[in-house]
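Small disclaimer: the values here were computed from a predicted structure and weren't measured. Each chain gets a letter, A, B and so on, in the order its sequence line appears, and its residues count up from 1.
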Number of protein chains: 2
Amino acid sequence: MRKFTSTNAFNEKLINDSCGMGRALNIVGGRWKPAILYKLHNGTMRYGELRKSIEGISERMLVAQLRELEQDQVIERIVYPEVPPRVEYRMTELGKTMGPMLEAMSEWGDIHRANVADKYGNPGDGEK
Amino acid sequence: MRKFTSTNAFNEKLINDSCGMGRALNIVGGRWKPAILYKLHNGTMRYGELRKSIEGISERMLVAQLRELEQDQVIERIVYPEVPPRVEYRMTELGKTMGPMLEAMSEWGDIHRANVADKYGNPGDGEK
DNA sequence: TTAAGTACTAACAAAAAAGTAAGAAATGAG
DNA sequence: CTCATTTCTTACTTTTTTGTTAGTACTTAA
């Protein structure tokens, strides 16, 4: 849980309030959210499908990030009262409005990769 | 300094490598980068101007984030051999290609703010 | 000699994000 | 009664990010 009185939290709020970019980043940022959003961008998925298709994610992180995205109203959680349980996740209408932004980010990431070696030592793809 | 052997760092790299969005987020994400990029988007600025115009940022964070942006080759640092020192920062050509992405993020952040109350208690601007 | 201005740097502390491991509920199959 | 299945929880640790405070270097001006 966060303390809303720390300087850190205060600054986060300040930026969230004053800057659209800051707010967008608060929602799509984080280690796993890009992957989750990318998957759900292509359609509804069950919890287990997400877990299997996102390499390296732990259950705790998957649940946590799904919950945050749900709170931010960009995805929704649909529970089927079956046993064993079935839970599906999908984009909300508001979530779907992220499309252009997600594509712009994805494209620019690729542009950057094509031009710049990253800090892990992967070379850029070269200029020509 | 980071350990490149932690699971955390490994996962970061994995996402950076496989996903344009993840890579873009690594570059523009962080508490202060949106603000810095927004300022430099409008033109060259000196270190001190940036510091004064970005409310709440500490010198340490400003320098750190400028250094990262410089390493990622989206901004450049120009030192004038004067006394007292003068250092200017501005977008590189590659940095300027971020334009559409930054605008998409900014716009979507505003859309989200207009529709959703945030976790700090600010209401959405309402639907009608 | 001392202060002022500018752009930092270093050492440390606090807060937040991410990872690990184990378990829990609900129920049908055997 | 025990096991398997699925979707999570909980408690705890590690790693990373952010913030705080106090300097430093260099020259000019008083």
Once you round it to whole Å, what is the distance between [atom2] of [N] and [atom1] of [X]?
X	N	atom1	atom2	value
B/Met61	C/dC8	CE	C1'	15 Å
A/Asn16	C/dA16	CG	P	15 Å
B/Leu50	C/dT6	CG	P	14 Å
B/Asn26	D/dT16	CG	P	13 Å
A/Lys52	D/dT6	NZ	C1'	9 Å
A/Leu62	D/dT6	CG	P	15 Å
B/Ile78	C/dC8	CD1	C1'	17 Å
A/Arg46	D/dT7	CZ	P	4 Å

Next on the checklist: Which residue is it: A/Thr44, A/Ile36, A/Asn42? I am looking for the one with a side-chain contact (heavy atoms from CB on, under 4.5 Å) to A/Leu40.
Outcome noted: A/Ile36
[X] near the nucleic acid: base, sugar-phosphate alone, or nothing, with a heavy-atom cut-off under 4.0 Å?
X	value
A/Tyr89	sugar-phosphate
A/Thr7	sugar-phosphate
B/Glu49	nothing
B/Arg51	nothing

Any [X] side-chain N or O less than 4.0 Å from OP1/OP2 of [N]:
X	N	result
B/Ser6	D/dT16	yes
B/Asn11	C/dA18	no
B/Trp32	D/dT17	no
B/Gln65	D/dT17	no

Item to check | Contact nearer the 5' end of DNA chain D, comparing B/Gly56 with A/Arg60 | outcome: A/Arg60
Options [options], nucleotide nearest the side-chain atoms of [X]:
X	options	result
A/Glu59	C/dG19, C/dA7, D/dT7	D/dT7
B/Tyr47	C/dA7, D/dG19, D/dC26	C/dA7
B/Val63	C/dC8, D/dT7, C/dT27	C/dC8
A/Pro85	C/dG5, C/dT20, D/dT6	D/dT6
B/Val87	D/dC8, C/dC8, C/dT27	C/dC8

Next on the checklist: Taking the side chain as everything from C-beta on, heavy atoms only, tell me whether A/Met105 gets closer than 4.5 Å to A/Val28.
Outcome noted: yes
Next on the checklist: For a side chain to side chain contact (heavy atoms under 4.5 Å, CB included) check, start with the C-alpha distance between A/Lys52 and A/Met45, then their side-chain angles and the critical distance, and finish with the verdict.
Outcome noted: CA-CA 11 Å; A/Lys52 278 170 213 151; A/Met45 286 181 86; over 6 Å; no
Checklist entry - Can you find a donor-acceptor N/O pair under 3.5 angstrom joining the side chain of A/Arg86 to the base of D/dT7? => result no
Checklist entry - Counting only heavy atoms not in A/Glu55, do more than 12 sit closer than 6.0 Å to its CD atom? => result no
Next on the checklist: Under a 3.5 Å threshold, yes or no: a donor from one side chain and an acceptor from the other, between B/Glu59 and B/Tyr47?
Outcome noted: yes
Checklist entry - Do the side chain of A/Asn115 and the main chain of A/Ile111 share a donor and acceptor less than 3.5 angstrom apart? => result yes
